[in-house]
Amino acid sequence: MRWSQFFIPTLREDPADAEVVSHKLLLRAGFIRQLGAGIYSYLPLAQRSILKISEIIRQEMNAIGGQEFYLPALNPAEIWKESGRWTVMGENMFRLKDRKGADLCLGMTHEEIFTDIARHELRSYKQLPQVWYQIQTKFRDEPRPKSGLLRVRQFTMKDAYTFDIDFAGLDKAFEDQRRAYCRIYDRCGLQYVIVEADTGAMGGSASNEFMVYTNAGEDMVASCPKCGYAANLEKAQSRIPAIVDEDADAPFEKFPTPGVRTIEDLTTFPGGASAERQIKTLVYVAVSVKGKQESGEIVLALLRGDHPLNDAKIASAVGAMLRAEGAELTQLRPAHPEEILEAMGANPGSLGAVGVVRYKTLADNALQGRANMTTGANVDDHHLRGVNIARDIKNAQWVDLRTVAEGEGCPRCDGVLRVAKALEVGHIFKLGTKYSVSMGATVLNAEGKEVPIVMGSYGIGVERVLASAIELYHDDAGIIFPITIAPFQIVVTPLNIKDAELKATADRIYDELSKAGVEVLYDDRDERAGVKLNDADLVGFPFQIRVGAKKLKEGKVEFYDRSLKTSEDVEATAAVELARRRIDEAVRKLNG
RNA sequence: CGGGGCGUGGCUCAGCUUGGUAGAGCGCUCGGUUUGGGACCGAGAGGCCGGGGGUUCGAAUCCCUCCGCCCCGACCA
């Protein structure tokens, strides 16, 4: 491929709209252009990289028995209504109507559609297990697209689904996928960590996320350097020192606290209490659907005064309680001040759960066994002290609600947790029978009994692999691609195309590399050396062969390694051989 | 959705406060010189100043409104 005819619109300056490194570099190096918020056109360089990533994914999926499908992105509403996610997905789903007025949507993921095929076609346990996947475009009406390709409204996802007769089969399928994912990210050259994760809207029993540590990420991962424990902050637990409370049996008493509104206020108020001796009472509104009926209810969350609530944890706890009642949580939000006053009889700052029995009440585990605590009295400007939780707040359900913090103890060993930003590049779920039950996907087992298929779901964000590689591997000059996902493996650069000797040598090297099957780009542009070298660094080709006048006089050309930033002079006649060897080594190193 | 910012040749931006009919650098075209890290000289092309409405003799500039984009908080590959 000749650069002069290949479309690589590089930019000298950083585009004004780009903030994160991968976004800036993808734009500057001519990989992508923006069409709208969270909507990008992939130019030839990006498309080449994406195809290479897809091919790695495809090979590894096939290697564990995966069968590639291609399902519609345009879905009728009915199937989403059947699983209940027409409402659960809420605003995140793009919806449209056809000319007859029928509801349609653009697929955000494909559990429903694959399950639909499964329920129609799979009849017997003898047909299981099945491993089905596709690499396809997904649409999500993100509330806030951002960071270039990291968070967009249209993207490519590899989504796989497994169908097994029982949970043992699911465990194996999950493990197969997990290993395949490791191979995929290894081959793409990514450094990643596998973490325990929250299942969110997907449902199911267990899930692992594949995370790349980067400040451009939007998740927080807690990890223990000592034992390897790692979990998304939405799920992470920690050890904290136990607190011994005195006078546990003393009765509680109400006392006036004029002007006290916050935990902080109460710590300095005479007769108040330190934050870890306070109970923080948060009021939420949970909206759920049961059958066709939508309803809202007040839910209380109780935490130790100095502990921050974790939104994902409370959502998952409330979701579980509602599910036990046959309802599905659709929205959980902090109550408005008017709602709080109406529900509690007092304003924020004086709230408490003592004596409140008509609302679902969730108490964080860290409060278990605590006594002699101070909390709001549900009377403005009054608090209660001497509260014994087991005695005075009887209807509380114990759950994990608090967000763990850096420096707290590892839940698995005596190590200390660290917390760092990370980007989710893959997520694997054990779905269990959630979709097979709601959608009636069953098979007959060996005993002739009809049983729901046990499912798993496994996703990879293809563009995120590209973008996170750039986040991970770049320098001031540009991208430094892992060779397996680079758009080209090497660029051949005659430093002055008008010099006939340089051109002849470069032509020859290019021809030989092409014939050898190397993915080579030939920079035949009539540009100054500086322009060409800067562009080559920016685009991030793993290797460069530079053909310049001075060295060619001695019969030599320069072989440059982008990641090591080292160059070596080689005989022009030996350059192709050296390049082939280096490329081979680099590829083999990643492919393992 | 809430909060903040921005919208002017292809790109990065100035001009707007204090209305008078649009500028710079880069890029692009042509000619010449140059050729190992984004060169230089000369000549050019290129702009419904995001859309609509209003105020005014006159609006990129002031007012209203809509749209789009970016960033910070609730979602996810």
Side-chain angles (χ1 to χ4, degrees), chain A residues 9-20 23 27-28 33-39 57 88-93 108-110 135-160 181 197-202 207 209-212 217-219 232 234 284 309 311-312 314-315 331-334 423-429 457-468 477-478 493-499 502 525-538 544 546-552 557-558 560 567:
Chain A
T10 58
L11 263 24
R12 189 189 297 232
E13 291 174 88
D14 271 342
D17 282 347
E19 197 81 7
V20 303
H23 190 196
L27 284 166
R28 281 231 290 141
R33 285 297 181 261
Q34 183 173 38
L35 183 61
I39 310 175
I57 293 172
V88 172
M89 289 307 193
E91 303 267 68
N92 274 345
M93 189 150 70
M108 314 175 58
T109 169
H110 280 77
I135 298 172
Q136 193 244 22
T137 306
K138 301 287 190 257
F139 297 88
R140 295 185 185 178
D141 193 359
E142 287 292 334
R144 191 175 153 218
K146 57 181 273 201
S147 306
L149 293 188
L150 294 183
R151 185 174 201 73
V152 293
R153 295 194 293 175
Q154 172 178 342
F155 62 100
T156 311
M157 180 159 96
K158 185 289 299 178
D159 47 322
Y181 273 46
D198 183 59
T199 53
M202 206 64 83
S207 79
E209 285 169 328
F210 289 75
M211 297 288 214
V212 170
E218 299 177 279
D219 283 276
N232 193 307
E234 294 177 341
Y284 274 73
L309 174 70
D311 293 330
I314 187 176
Q331 192 199 4
L332 183 69
R333 59 167 173 83
L423 176 74
E424 182 183 4
V425 292
H427 201 158
I428 58 179
F429 298 86
S457 160
Y458 318 86
I460 292 179
V462 178
E463 292 89 342
R464 276 194 182 177
V465 172
L466 207 212
S468 60
T493 311
L495 295 168
N496 179 2
I497 198 76
K498 285 187 175 151
D499 181 320
L502 295 193
R525 294 176 300 168
D526 181 16
E527 288 286 354
R528 316 200 99 231
V531 172
K532 295 177 154 196
L533 294 175
N534 281 320
D535 272 349
D537 288 348
L538 177 61
Q544 305 173 13
R546 301 167 172 177
V547 184
K550 263 176 237 157
K551 284 171 187 167
L552 193 59
V557 298
E558 183 177 336
Y560 180 75
S567 61

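Chain letters run A, B, ... following the sequence lines, proteins first and then strands; every chain starts at 1.
The nearest whole Å value for the distance from the CG atom in A:Leu309 to the C1' atom in B:A74 is 12 Å. The NZ atom of A:Lys158 sits 18 Å away from the P atom of B:C76 (whole-angstrom rounding). Separating the CE atom of A:Met157 from the C1' atom of B:A77 is a distance of 6 Å, rounded to the nearest angstrom. Between the P atom of B:A77 and the CD atom of A:Glu209 lies a distance of 8 Å, rounded to the nearest Å. Between the CD atom of A:Glu218 and the C1' atom of B:G73 there is a distance of 12 Å, given to the nearest Å. B:A74 atom P lies 14 Å from atom CG of A:Asn92, rounded to whole Å. Distance CG (A:Leu149) to C1' (B:C76): 15 Å, rounded to an integer number of Å. Atom C1' of nucleotide B:C1 and atom CG of A:Asp141 are separated by 12 Å, given to the nearest angstrom.
The shortest distance between the side-chain N/O atoms of A:Gln34 and the OP1/OP2 oxygens of B:C70 is below 4.0 Å.
Atom P of B:C66 sits at a distance of 47 Å from the matching atom of B:C30, rounded to the whole Å. Between B:C26 and B:C70, the two C1' atoms lie 23 Å apart (nearest whole Å). Separation of the P atoms belonging to B:C41 and B:U34 is 15 Å when rounded to the nearest angstrom. B:G73 and B:G36 have their C1' atoms separated by 50 Å, with the value rounded to a whole Å. Nucleotides B:G23 and B:C16, compared at atom P, are 15 Å apart to the nearest Å. Going from the P atom of B:A60 to that of B:C71 covers 31 Å, rounded to whole Å. With both ends at atom P, the span from B:G58 to B:G54 equals 12 Å, rounded to whole Å. Comparing the C1' positions of B:C69 and B:G51 gives a spacing of 15 Å, expressed to the nearest Å.
With B:C76, B:C70, B:U12 as the choices, the nucleotide that has an atom nearest any side-chain atom of A:Pro15 turns out to be B:U12. Relative to the side chain of A:Ala16, the nucleotides B:A77, B:U12, B:C70 differ in distance, and B:U12 lies closest. Comparing B:A77, B:U12, B:C69 against the side chain of A:Glu142 picks out B:A77 as the nearest. Among the nucleotides B:G25, B:C71, B:A77, the one closest to any side-chain atom of A:Lys146 is B:C71. Comparing B:C71, B:A77, B:G25 against the side chain of A:Phe429 picks out B:A77 as the nearest.
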Protein-to-nucleotide contact annotation, 5' to 3' order, nucleotides 35-52 of chain B [B base; S sugar-phosphate only; - none; under 4.0 Å, heavy atom]: BBBBB-------------
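Of all heavy-atom pairs spanning A:Lys158 and A:Ile135, the tightest one is CG-CG1, 3.9 Å. Closest approach of A:Met108 to A:Arg140, counting heavy atoms only: O-NH2, 2.5 Å. Nearest approach of A:Glu91 to A:Asp141, heavy atoms of both residues: O-CB, 3.5 Å. Across every non-hydrogen atom of A:Ser567 and A:Tyr560, the tightest pair is CB-CD1, 3.9 Å. Pairing each heavy atom of A:Leu538 with each of A:Leu11, the nearest pair is CD2-O, 4.3 Å. Listed here is the closest heavy atom pair of A:Ser207 and A:Phe429: CB-CD2, 3.7 Å.
Defined by atom type and a distance below 3.5 Å, a donor-acceptor pair is present between the side-chain atoms of A:Gln544 and A:Asp537. For the residue pair A:His110 and A:Lys138, a side-chain donor N or O sits within less than 3.5 Å of a side-chain acceptor on the partner.
Residue contacts shown for A:Val152 include a base, since a base heavy atom lies under 4.0 Å away. Backbone-only engagement by A:Ser147 is indicated by non-hydrogen atom pairs under 4.0 Å involving sugar-phosphate atoms exclusively. Using a 4.0 Å heavy-atom cutoff across all strands shown, A:Asp219 reaches at least one base atom of the nucleic acid. At a threshold of 4.0 angstrom between heavy atoms, the contacts of A:Gly36 are confined to the sugar-phosphate backbone, with no base atom among them.
Under the Watson-Crick or G-U wobble criterion, with both distances below 3.5 Å, B:G68 is paired with B:C6. The pairing partner recorded for B:C1 is B:G73, the criterion being a Watson-Crick or G-U wobble arrangement whose two distances lie under 3.5 angstrom. The partner of B:A39 is B:U33, judged by Watson-Crick or G-U wobble contacts that both fall below 3.5 Å. The nucleotide B:U61 finds no pairing partner, because no Watson-Crick or G-U wobble arrangement with both distances shorter than 3.5 Å includes it. In this structure, B:C13 forms a base pair with B:G23, meeting either the Watson-Crick or the G-U wobble geometry with both donor-acceptor distances under 3.5 Å. Pairing for B:C28 goes to B:G44, judged as Watson-Crick or G-U wobble with the two contacts each under 3.5 Å.
At a threshold of 4.5 Å between non-hydrogen side-chain atoms, the residues A:Val462 and A:Ile57 count as touching.
Residues A:Asp17 and A:Thr156 both approach RNA chain B. Their nearest nucleotides, taken by heavy-atom distance, put A:Asp17 toward the 5′ side.
Under a 4.0 Å N-O distance rule, the pair A:Arg28/A:Glu13 does not qualify as a salt bridge.
Looking at A:Arg333, its side chain has no donor and acceptor atom pair within 3.5 Å of the base of B:C1.
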